[in-house]
There are 2 protein chains.
Amino acid sequence: MDLSERQLQILQAIITDYVENAEPVGSRSIAKKYDLGVSPATIRNEMSDLEEMGYLTHPHTSAGRVPSDKAYRLYVNELMKKKNLSAKDKRMINDRLSASRDEFDRTIRHAAELLSEITHLASFAMTPATNEETISFIKLLPVDERTLILMIVSEGGQVTNTTLRLTVPYTQEALDLLSKNMTVSYKGRTLDDVLRSEIIHDVGSDIEALSALKGSVMPSFLRTLEDMLNVNLYMEGMTNIFNLPEYTSIDRARDFMELFARKDWFTQKMLARDNGVVVTIGEENDTMKDCTLITATYHVDGKLVGKIGVIGPTRMKYDEITSIMEYLTNNLSESFRLPGSTGDGNAGDKKQKK
Amino acid sequence: MDLSERQLQILQAIITDYVENAEPVGSRSIAKKYDLGVSPATIRNEMSDLEEMGYLTHPHTSAGRVPSDKAYRLYVNELMKKKNLSAKDKRMINDRLSASRDEFDRTIRHAAELLSEITHLASFAMTPATNEETISFIKLLPVDERTLILMIVSEGGQVTNTTLRLTVPYTQEALDLLSKNMTVSYKGRTLDDVLRSEIIHDVGSDIEALSALKGSVMPSFLRTLEDMLNVNLYMEGMTNIFNLPEYTSIDRARDFMELFARKDWFTQKMLARDNGVVVTIGEENDTMKDCTLITATYHVDGKLVGKIGVIGPTRMKYDEITSIMEYLTNNLSESFRLPGSTGDGNAGDKKQKK
DNA sequence: ATTAGCACTCTCGTTTAACGAGTGCTAACA
DNA sequence: TGTTAGCACTCGTTAAACGAGAGTGCTAAT
């Protein structure tokens, strides 16, 4: 059942060639380009066996062979070697990400841009889910007699705010009191927890003015919490795929683009994936059965986990792309490490960058 | 030089037919469908004249006629009549926009979604430029000993904030003092003004601790101001265009999608357009020479101006779409009117909705 | 000024044929 | 027994040829 050494060599050669040229590869061209010391006829026999085992397919009788999802899977798991990034790519990543280290969302977006530029594929990046973040304080700030700002700050420094307009004026005292009450009630609890337990009643409605204000503020409070939970998703390089031969058909291209119009759905899918570099090939995806999806995770303060990813046809340079993504996520995690908490994390990075 | 009544009728018929069917229209079908009381031969002669005047073109000798940009321009300026929206569309707009009146960005995004659903074209919506907004106050809030939140609030209730991590700890006093100083320095000035005049020095650096903190905060302050100036752009329904016959060619589709990948550029273009319902057809656009762009403006508090727009091929239902956009922007402007400031604005709305 | 008639043009879909790439099989060979 | 050369066969791709259909442009009649 296992593949012979020669079969592996041939399979590798076919994959390499097909990834490069996007055309079914024949026995003769394999024999010529990669000298395996055997004739086309022998290769043909091996190919036939490989096909029977499900590693190759045949568009039609008289065409060359094309690697199947199973072949790519074998390649990713066993055959491929880690690639060293080109000096140019390394420089690009270092330069472009260091430009805005202190600004979180911007950096994430840059990472997505970078990734699509280097890989020439469609890419995305998303900010970490903050379900486990805990609330630090809640502030209500006055704008004018009917307008106020509701602001929620988490222990980790995440901020979200909403501007609301009330139908009736409020007093500064009520505002301060409500801020304080809410902070006391919610401080230290996780966003998820607060949002799920709909305990709106215990914010203390002893004073009448407060009760009215509370009634107006609470719905917005919940919505703002939801906003805070929402991860931001940045997509880049969608149009890159138009340059690939697998998307010259308008239907394929349409299907591809439509995937990304459903941002919420896409976000959910991506959040559900495991951490680390994860590759799912073709049929392994429940939707997008002719795509490969590669995701990788980065850390913020060593805890929160965000994701970046690349989407393309199953025919892609798995070795290069996974290496790039590993380098990139290590770089990101390092950027987002708290100044204080240096240590073992860095050592790990070093090793992987090699 | 002016067109005869009959020529106008024929032109109108051709446009109507072509917009509907997307195929060059011949003299015979015009004569049959729209009874103008003349024979195909007569229509042929008129068509020939219209072509000479630049209103029609000829894909090739033996094909029907196609309206030129000039024809559409004439149609938009003179021929088309305002359309009444269907009850269904009206209901849709009213329902969907009223769902979230108090949340600004969300409403804008919904408007874009709505627009693309109703028109079956690509659409966008952007929040108003806030160049003229004035600063109300600046607040620095502590998160932990090295992390703080910088928050800028405008008189109109716009909020933007950035979380920053300092390399050295700060004191609460320094924070409060700097907040106050900055507010005093900048309150009442427009964002644009503050950003352009790089007067960073006059924020009072008398105390030493303050001076250090200020040095860390100011760069972020400027960047945050820039963020505040940036309008948000929401695009929706990009993939709708794949269903149109003019975009069955992959190259066309690619060009179209690429326009929208350049968000910054696109935003600039759109900001430069006049207020009200503006239609630019084909060659009238400097880029996108085979597209028509229709934009309309809505108001916030009767002052700030935001834009929504629709992009499609020059072949589109100008009458319907402009009417929809007028209705939609009136609805938006009404939603975003300050509760206090009712009055003449509403009367105007009523008239236009009719 | 309008219209009928007709030749002419051009596109589009279909058919046919030739070509080439590549396989699969058989038989010869080490 | 594994490897190889040779060859027939398959199938997709391309180009050319052809007919049908749609629509114009022109001319001559009304």
Side-chain angles (χ1 to χ4, degrees), chain A residues 2-11 13-18 20-68 71 245-246 248-249, chain B residues 2-11 13-18 20-68 71 245-246 248-249:
Chain A
D2 261 11
L3 299 186
S4 71
E5 188 57 34
R6 193 169 68 188
Q7 283 174 325
L8 288 175
Q9 281 178 2
I10 291 176
L11 191 56
I14 293 175
I15 291 174
T16 308
D17 201 80
Y18 184 69
E20 182 75 24
N21 303 312
E23 268 164 29
V25 15
S27 54
R28 223 178 97 83
S29 60
I30 290 285
K32 224 186 287 180
K33 281 192 226 170
Y34 312 80
D35 59 285
L36 307 174
V38 288
S39 76
T42 311
I43 293 176
R44 271 206 292 284
N45 289 332
E46 297 286 30
M47 277 171 147
S48 182
D49 291 350
L50 284 169
E51 180 163 9
E52 208 169 339
M53 288 185 272
Y55 291 103
L56 296 176
T57 52
H58 230 178
H60 58 263
T61 327
S62 72
R65 297 310 210 290
V66 172
S68 67
E246 19 274 284
T248 43
S249 131
Chain B
D2 261 11
L3 299 186
S4 71
E5 187 57 33
R6 193 170 65 189
Q7 284 174 324
L8 288 176
Q9 281 178 359
I10 292 175
L11 191 57
I14 293 175
I15 290 174
T16 308
D17 202 83
Y18 184 69
E20 183 73 26
N21 303 312
E23 268 164 29
V25 18
S27 55
R28 222 176 97 83
S29 61
I30 290 286
K32 225 187 284 181
K33 281 193 225 171
Y34 313 81
D35 59 286
L36 306 173
V38 289
S39 76
T42 311
I43 293 175
R44 271 205 292 284
N45 289 333
E46 297 285 30
M47 278 171 145
S48 182
D49 291 350
L50 284 169
E51 179 162 10
E52 207 170 340
M53 287 186 273
Y55 292 102
L56 296 176
T57 51
H58 231 175
H60 55 87
T61 328
S62 73
R65 297 310 210 290
V66 172
S68 66
E246 19 276 282
T248 43
S249 131

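Since the structure is predicted, the reported quantities are computational estimates derived from the model, not experimental observations. Chain A is the first sequence line, chain B the second, and so forth, proteins listed ahead of strands; every chain is numbered from 1.
- No side-chain heavy atom of B:Ser48 sits less than 4.5 Å from a side-chain heavy atom of B:Glu46.
- Only one option out of A:Arg65, A:Lys33, A:Arg28, A:Lys32 pairs with A:Asp17 in a salt bridge (Lys or Arg N to Asp or Glu O under 4.0 Å); it is A:Lys33.
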List the protein contact pattern of nucleotides 2-8 of chain D with one symbol per nucleotide (5' to 3'): B for base contact, S for sugar-phosphate-only contact, - for none; contact means a heavy-atom distance under 4.0 Å. -SBBB--
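- Between the CZ atom of B:Arg65 and the C1' atom of D:dT24 there is a distance of 7 Å, rounded to whole Å.
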Counting primed atoms plus P, OP1 and OP2 as sugar-phosphate and everything else as base, spell out the protein contacts along nucleotides 10-18 of chain C at 4.0 Å heavy-atom distance: B, S or - for each nucleotide, 5' to 3'. BS-------
A:His58/A:Val66 under side-chain contact (heavy atoms from CB on, under 4.5 Å): CA gap, chis, key distance, verdict: CA-CA 6 Å; A:His58 230 178; A:Val66 172; over 6 Å; no
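- Looking at heavy atoms from C-beta onward, B:Leu50 lies in side-chain contact with B:Leu3 at the 4.5 angstrom threshold.
- One interatomic measurement links the two molecules: NE2 of B:His58 to C1' of C:dT9, which rounds to 10 Å at whole-angstrom precision.
- One interatomic measurement links the two molecules: CZ of B:Arg28 to C1' of C:dT3, which rounds to 15 Å at whole-angstrom precision.
- For the pair A:Ser68 (side chain) and A:Thr57 (backbone), a donor-acceptor distance under 3.5 Å is absent.
- Atom CG of A:Leu56 and atom C1' of C:dG24 are 16 Å apart (whole Å).
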One pair to check against side-chain contact (heavy atoms from CB on, under 4.5 Å): A:Tyr34 and A:Thr16. What are the steps and the verdict? CA-CA 10 Å; A:Tyr34 312 80; A:Thr16 308; 4.1 Å; yes
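- Taking atom CD1 of B:Ile30 as the reference point, atom P of D:dG23 lies 11 Å away to the nearest angstrom.
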Go through A:Leu36 and A:Arg6 one step at a time and tell me if the side-chain contact (heavy atoms from CB on, under 4.5 Å) criterion holds. CA-CA 8 Å; A:Leu36 307 174; A:Arg6 193 169 68 188; 5.7 Å; no
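- Rounding to whole angstrom units, CD1 of residue B:Ile14 and P of D:dT24 are separated by 9 Å.
- The two residues B:Ser29 and B:Gly26 make their nearest non-hydrogen contact at OG-O, 3.0 Å.
- Remark: P of D:dG25 and CD of B:Glu52 are 11 Å apart, rounded to the nearest angstrom.
- Proximity of B:Leu56 to B:Leu11: side-chain heavy atoms (C-beta onward) are separated by under 4.5 Å at one or more points.
- One can place CE of A:Met47 at 15 Å from P of C:dC25, the figure rounded to the nearest angstrom.
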